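Contents: one structure, followed by commentary.
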Amino acid sequence: MLSRCLLAIAVAVLLLTGGNTVRAAEIESSIARGGRLYDNWYKEKKLDRPDKPHAAYPADGKYPKQSWRCKECHGWDYKGKDGAAAKTDHLVPIKGITGAIGKDPAAIAAIFRDKTHGYGPDQLNDKDVQDLALFVTKGQMDTAKFIDPASGKPKGNAAKGEVYYNTLCAGCHGLDGKKVSTGVPLGQAADNPWDMLHKAFNGLPAEAMPALRSLDPSIASDTVAYTQSLPK
Ligand code: HEC
Ligand code: HEC
């Protein structure tokens, strides 16, 4: 009797955790995709960049051509005007999105169609909006854990990062970070560690680059720390 009871419990636990694993996997890849859409949705979707600057982008902003990308208004560290962008010419007087962490994804999804944002279904369809809302509510990393906000110095362990880089990234980027001829050397990209961290966690729009977000966060963090020493 007892053993049958235990068996029933074991089966129930297996079914439950098995089911959860599938759902967790779907959610995790939606979040990563949301992160890539946040980076550059038209590149991820292989669409043309909209011609006109985004209506909410300030007229005196320095990067009107990038103005439809979420990151251009809300930053690579998700802190908008109060974050790392404040020290660069990408600064615009727009707040960050960290206040949306933990909110209901459906409520956040509605924001992308509001008057301020105005993304049409031909730009972001319902699945895109859903993935973005999952990223915003559940996927934002606290970048201050990985990069010192004041100095911009990554906090990871660069020696460990070298091992991760050489095995996870060098196949495409080369040991010196210069093998992908279409992009800048990674040693140069490392000048913006927040951008690098976002890409390491979520992957690169429309490229086969891995998204490390389901691994222990120290792996992306250590890798980003190591890229600081790659040649420019
Ligand atoms: C051209 C600039 C611009 C772009 C691009 C932009 N936003 Fe916004 N966003 C704003 C402004 C302005 C607000 C309103 C801020 C306020 O209420 O003061 C806002 C508010 C938000 C908020 C609510 C933040 C809060 O706590 O109230 C979220 C979430 C958000 N945006 C996410 C996104 C995402 C995701 C994208 C990309 C699909 C995006 N935004 C693209 C300008 C932009
Ligand atoms: C499957 C191949 C592949 C792997 C593996 C890969 N990448 Fe990439 N990555 C690319 C490609 C292709 C590009 C450049 C695309 C372009 O032209 O913009 C790129 C671009 C980047 C960029 C943007 C550089 C720029 O131009 O701004 C960063 C940052 C980056 N990779 C980091 C990494 C890190 C960190 C790893 C390891 C965790 C990694 N990549 C692994 C293919 C890869």
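For clarity, every value in this text was computed on a predicted model and none was experimentally measured. Atoms within each ligand, like the ligands themselves, are counted from 1 in listed order.
- Going from atom CD of Gln188 over to atom NZ of Lys178 covers 8.0 Å, rounded to the nearest 0.5 Å.
- Heavy atoms of Lys43 found under 4.0 angstrom from ligand 2 belong exclusively to the side chain.
- With values rounded to the nearest 0.5 angstrom, Lys155 atom NZ is found 13.5 Å from Asp222 atom CG.
- Looking at Lys103, Gln140, Lys95, it is Lys95 that brings a heavy atom closest to atom 27 (O) of ligand 1.
- Within ligand 1, the atoms closer than 4.0 Å to a non-hydrogen atom of Val136 are 29 (C), 35 (C), numbered from 1 in the order shown.
- Arg69 counts as a contact of ligand 1, since one of its heavy atoms falls under 4.0 Å from the ligand.
- Contact annotation for atom 25 (C) of ligand 1: protein present (non-hydrogen atoms, distance under 4.0 Å).
- Around the NZ atom of Lys127, the shell of radius 6.0 Å holds more than 12 heavy atoms that belong to other residues, nucleotides or ligands.
- Of all atoms in ligand 2, listed by their number and element, those nearer than 4.0 Å to a heavy atom of Leu212 are 38 (C).
- For the atom pair Asp77 CG and Gln140 CD, the distance stands at 10.0 Å (nearest 0.5 Å).
- Salt-bridge formation is not detected for the pair Arg36/Asp131: no Lys NZ or Arg NE/NH1/NH2 atom is positioned less than 4.0 Å from an Asp or Glu carboxylate oxygen.
- Here Trp41 and Tyr119 bring their ring centres to under 6.0 angstrom of each other.
- Looking at Trp41 against ligand 1, nothing comes within 4.0 Å, counting heavy atoms.
- Using a 4.5 Å heavy-atom threshold, the side chains of Leu186 and Tyr165 count as touching.
- Aromatic ring pairs are classed by plane angle as parallel below 30°, tilted from 30° to 60° and perpendicular above 60°; the pair His198 and Phe135 is perpendicular.
- Protein heavy atom at the shortest distance from atom 17 (O) of ligand 2 is Thr182 OG1, 2.7 Å.
- Put simply, CD on Glu162 and CG on Asn157 are 11.0 Å apart, with the number rounded to the nearest 0.5 Å.
- Near Pro210, meaning under 4.0 Å from any of its heavy atoms, are these atoms of ligand 2: 4 (C), 5 (C), 6 (C), 41 (C).
- Atom NZ of Lys160 has 12 or fewer heavy atoms from other residues, nucleotides or ligands within 6.0 Å.
- Note that CZ of Arg49 is 5.5 Å distant from NZ of Lys65, once rounded to the nearest 0.5 Å.
- Using a 4.5 Å cut-off on side-chain heavy atoms (C-beta onward), His74 and Lys95 make no contact.
- The proximity of Asp195 to ligand 2, defined as any non-hydrogen pair under 4.0 Å, does not occur for either the backbone or the side chain.
- Close approach of ligand 1 to Tyr119 is summarised as follows: ligand atoms under 4.0 Å from at least one heavy atom of the residue are 5 (C), 37 (C), 38 (C), 41 (C).
- More than 12 heavy atoms of other shown residues, nucleotides or ligands fall within 6.0 angstrom of atom CG in Asp216.
- Residue-and-atom listing of protein N/O/S atoms under 2.8 Å from atom 8 (Fe) of ligand 2, sorted by chain and number: His173 NE2, Met209 SD.
- Atoms of the protein (N, O or S only) found under 2.8 Å from atom 8 (Fe) of ligand 1 are His74 NE2, His117 NE2.
- Between Asp39 and Arg69, at least one side-chain N (NZ, or NE/NH1/NH2) sits under 4.0 Å from a carboxylate O, which counts as a salt bridge.
- You'll find the side chain of Lys62 stays beyond 4.5 Å of the side chain of His90, heavy atoms only.
- Summarising the geometry, atom SG belonging to Cys73 is positioned 7.5 Å from atom NE2 belonging to His117; distances are rounded to the nearest 0.5 Å.
- Among all protein heavy atoms, the one lying closest to atom 5 (C) of ligand 2 is Leu168 O, 3.4 Å.
- When heavy-atom distances to ligand 2 are checked against a 4.0 Å cut-off, Ala220 has no atom that comes that close, whether in backbone or side chain.
- Within 6.0 Å of NZ in Lys232 there are more than 12 heavy atoms belonging to other residues, nucleotides or ligands.
- Atoms of ligand 2 lying under 4.0 Å from at least one heavy atom of Ala208, given by number and element, are 1 (C).
- Close approach of ligand 1 to Tyr57 is summarised as follows: ligand atoms under 4.0 Å from at least one heavy atom of the residue are 1 (C).
- Ligand 2 does not have Gly171 within reach: every non-hydrogen atom of the residue lies 4.0 Å or more from it.
- Counting heavy atoms from C-beta on, the side chains of Lys79 and Thr143 come closer than 4.5 Å.
- In terms of protein heavy atoms, atom 29 (C) of ligand 2 is closest to Met196 SD, 3.2 Å.
- Of all the heavy atoms of Ser67, the ones lying under 4.0 Å from any atom of ligand 1 belong exclusively to the backbone.
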